[in-house]
Number of protein chains: 2
Amino acid sequence: MRKITIKDVATETGLSIATVSYAMSGKKVLPPETVQQVKDAIKKLGYVKNISASSLASNKSSLIGVVIPQTEPGSMMVFQNPFYSEILSSIEYNARIRGYHVIVSGTNADETYFHLAQQRNLDGIIVIGAYSEDFYEGLNESNIPVVLVDSYMDNHAYKEVKLDDIYGGYAATKYLLEHGHKKIAFLSGKLKTGGVSAKRYEGYRSALEEGGVPVNPSYLFHANVDFEKARKMARRIVTETDCTAIFCTADVIAMGAIKELNIMQIKIPQQISIIGFDNLDIANYCTPGLTTIGQDIFEKGKKAVEMLCYTMDEKVKEPEEYVVPIQIVERESVAYI
Amino acid sequence: MRKITIKDVATETGLSIATVSYAMSGKKVLPPETVQQVKDAIKKLGYVKNISASSLASNKSSLIGVVIPQTEPGSMMVFQNPFYSEILSSIEYNARIRGYHVIVSGTNADETYFHLAQQRNLDGIIVIGAYSEDFYEGLNESNIPVVLVDSYMDNHAYKEVKLDDIYGGYAATKYLLEHGHKKIAFLSGKLKTGGVSAKRYEGYRSALEEGGVPVNPSYLFHANVDFEKARKMARRIVTETDCTAIFCTADVIAMGAIKELNIMQIKIPQQISIIGFDNLDIANYCTPGLTTIGQDIFEKGKKAVEMLCYTMDEKVKEPEEYVVPIQIVERESVAYI
DNA sequence: CTGAAAGCGCTTACAG
DNA sequence: CTGAAAGCGCTTACAG
């Protein structure tokens with residue numbers, strides 16, 4: 001069984017391969033009969049276009065690269081984190097319905113990635129997460145359309161899809177304040193300038209300020225976004241402070257806190273309230289259900305693809321920003337005091 | 001800045017493009033000086049091979065397709081389920097270090113997928129999960145090397161990576177028996193012949209038999225692998241039966257059971273023991289920690305890639321099976337009775 | 001409205 | 001040991 005090529009379609013229809021190609025791509029207006037003729041022949045022969053060939057000829061690959069952070073360099077990628085799965089899922093779907101395929105890569109976000117990008121002649125790249133300055137520069141030089149997701153860079157001229165983390169931190173804190181809490185612990189990952197934690201902290205601070213509650217430095221706890229670390233921190237919060245509520249800047253952190261408090265027989269939310277950030281599936285699974293800041297991850301992936309497609313089609317590289325709306329997902333981990 | 005091609009490398013070295021190509025691929029033995037010369041020129045010029053071109057010429061794409069189930073047809077893929085994330089992560093990593101890129105697709109597992117496979121000229125396909133008979137037939141006709149993961153088909157002549165589900169069900173049940181339980185509820189998804197649930201049930205049955213405990217049909221509960229459904233079932237188990245333990249055939253099901261029992265103030269494991277299956281991250285997060293049947297997901301993905309690469313390289317299509325070992329991950333959800 | 005033909009950047013029998 | 005050349009299957013200016 002030989003492979004069917006465009007030549008076969010041409011022979012079948014009695015047209016030239018040029019005309020068949022135009023009929024398929026629609027890049028030239030042809031009489032409807034001709035187009036229909038080609039369509040029929042394609043169906044009859046079971047012809048499928050060879051993308052390698054078209055990619056070579058047209059210099060377009062219909063391939064989108066997605067960069068995702070990985071735990072250890074040279075090791076596997078981390079999309080164990082449900083957030084990555086969800087957004088990837090959304091990107092894949094939204095790219096596919098627009099005729100693009102997706103190559104996901106947990107490659108070290110360094111030169112090796114540009115190698116892949118060139119090799120495969122990627123039409124566009126979606127970068128999820130934050131990387132080194134060098135990486136963004138290389139990206140820029142590569143001249144491939146790029147959309148950043150959650151990059152936490154303010155100084156760059158990229159298209160970007162992001163969360164309003166300051167507002168998220170503000171909303172979470174305000175929610176606790178509205179429930180009567182004044183002694184609110186802040187439990188987060190490392191506080192890098194410009195990073196997520198820092199922004200959510202800024203929101204925390206401004207909500208407290210607005211509520212007339214001074215920030216108490218002894219209520220601030222920073223570790224990693226890690227379940228076990230969070231457990232230790234939660235224990236310290238409970239033993240070293242008199243906080244009535246904890247704002248955890250990630251659901252995974254909140255999970256650790258809940259686990260530890262459960263073990264210590266401290267009742268949530270009766271004795272202490274907890275609010276998270278992310279609205280992962282697990283927020284619903286745990287007991288009590290975790291009240292948390294939710295974002296529409298599907299929407300986030302969709303927007304990223306849309307913005308990328310727009311850039312690829314229109315060749316406009318102007319920076320643009322889309323801020324994904326957030327909302328509070330109320331469950332049972334926060335009580336009135 | 002023009003694109004650097006093999007021609008530039010040829011010019012730079014004073015060799016022909018044929019020799020450069022051979023030097024790069026190693027498909028012909030060349031004097032080491034020549035190879036080094038080529039390497040140097042590549043580095044100097046920053047040459048990157050155009051995969052579209054080489055793919056067209058050699059009829060190899062260095063692309064592996066991974067098929068993953070999706071929730072609703074035409075909708076997004078489900079790799080919200082952490083299992084998919086993890087195995088995908090492993091596949092991507094193991095493929096990459098062997099020079100392959102991965103195209104993940106939640107496409108309806110039907111003809112449209114073969115379209116993709118042909119378009120991209122996939123070198124191999126890894127299929128995760130169970131699909132329709134038609135899909136497997138199409139797969140076979142496509143003549144592309146295939147490795148199945150968790151397909152739950154016994155009648156096919158494919159290479160396959162799977163779990164010993166019967167043994168898993170046996171081990172879980174035996175573990176409960178060894179802890180003194182005799183009234184053990186079986187809570188699973190739908191019991192399709194040849195499906196996961198059915199196999200784990202078989203293990204459950206044989207362990208009971210071995211332990212001299214008759215199977216009590218009123219202890220059998222089937223719903224979907226779904227958190228909310230599982231909650232309802234757990235409530236029924238507790239109210240309608242006198243079981244002292246529940247074997248949940250998936251961690252997600254166990255999560256639902258734990259949540260419901262927590263709400264009902266039924267103490268785990270003091271009043272009822274629970275064992276799960278999968279060892280997802282959440283098994284560690286919940287309270288009490290879930291004792292469950294674990295599998296090495298990284299290993300599973302790695303094996304799938306290895307088997308696929310072997311098939312692609314050696315052109316041997318003999319069926320072959322790799323059974324991923326399982327182990328009991330002990331946490332706090334099972335008590336001696 | 002349609003087609004002949006160059007060209008995209010590789011690989012690989014084949015010849016020497 | 002090295003190279004000239006055909007060919008992979010498309011796209012696309014260009015001519016008519």
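Since this is a predicted model, take the numbers as computed values, not measurements.
In the set C/dT12, C/dC10, D/dG9, the nucleotide with an atom closest to the side chain of B/K27 is C/dT12. When each of C/dT2, D/dT11, C/dC10 is scored by its nearest atom to the side-chain atoms of A/P31, the top-ranked nucleotide is C/dT2. Among C/dC10, D/dA13, D/dT11, the nucleotide with an atom closest to any side-chain atom of B/K49 is C/dC10. For B/A18, counting side-chain heavy atoms from C-beta on, the closest listed nucleotide (C/dA4, D/dA5, C/dG9) is D/dA5. Counting only heavy atoms from C-beta on, A/Y22 has its side chain closest to D/dC14 among D/dA5, C/dC10, D/dC14. The side chain of B/S58 approaches C/dT11 more closely than any other nucleotide in the set D/dT11, D/dT2, C/dT11.
Pair assignment for D/dG3: C/dC14, on the basis of Watson-Crick or G-U wobble contacts that are both within less than 3.5 Å.
If you take CD1 of A/I6 and P of D/dG9, they are 11 Å apart, rounded to a whole angstrom. One can place CG of B/L45 at 15 Å from P of C/dG9, the figure rounded to the nearest angstrom. A/R120 places its CZ atom 14 Å from the P atom of C/dC10, with the value rounded to the nearest Å. The distance between atom CG of B/L30 and atom P of C/dT12, rounded to the nearest whole Å, is 14 Å. One can place CE of B/M24 at 10 Å from C1' of C/dT11, the figure rounded to the nearest angstrom. The CG-C1' distance, from B/N59 to C/dT12, rounds to 13 Å in whole Å. Atom pair B/N50:CG and D/dG9:P shows a separation of 17 Å (rounding to whole Å applied). Taking atom NZ on B/K60 and atom P on C/dG9, their separation rounds to 21 Å, with Å as the unit.
Between A/S54 and D/dG9 there is no side-chain N or O to OP1 or OP2 distance below 4.0 Å. For the OP1/OP2 pair of C/dG3 and a distance below 4.0 Å, the side-chain nitrogens and oxygens of A/S16 include at least one atom meeting the criterion. OP1 or OP2 of C/dT11 has at least one side-chain nitrogen or oxygen of B/S21 nearer than 4.0 Å. Considering only side-chain N and O atoms, B/T34 lies under 4.0 angstrom from the phosphate OP1 or OP2 of D/dT2.
Ring-centre distance between B/F135 and B/F114: below the 6.0 Å cut-off.
For the residue pair A/N50 / B/N121, no side-chain donor-acceptor distance below 3.5 Å is found, with atom types taken as modelled. Judged by distance alone, the side chains of A/Q118 and A/S142 never bring a donor and an acceptor atom under 3.5 Å apart.
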Fill in: Pair A/K302-A/D296, salt bridge (Lys or Arg N to Asp or Glu O under 4.0 Å): steps then yes or no
CA-CA 10 Å; A/K302 186 177 168 204; A/D296 191 336; over 6 Å; no

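Here the options are A/K159, A/K162, A/K303, the test is salt bridge (charged side-chain N to carboxylate O under 4.0 Å, His left out), and the partner is A/E320; only A/K159 passes.
Within 4.0 Å of A/I17, counting heavy atoms only, lies at least one base atom of the nucleic acid.
Put simply, the side chain of B/K28 and the base of D/dT2 share a donor and an acceptor less than 3.5 Å apart. The base of D/dG3 lies outside donor-acceptor range of the side chain of B/K7, with no N or O pair under 3.5 Å.
Taking the ring axis of B/Y22 as reference, the NZ or CZ atom of B/K28 stays within 45° of it and closer than 6.0 Å to the ring centre.
Residues B/L56 and B/T19 each lie close to DNA chain D; by heavy-atom proximity, the contact nearer the 5' end of the strand is made by B/T19.
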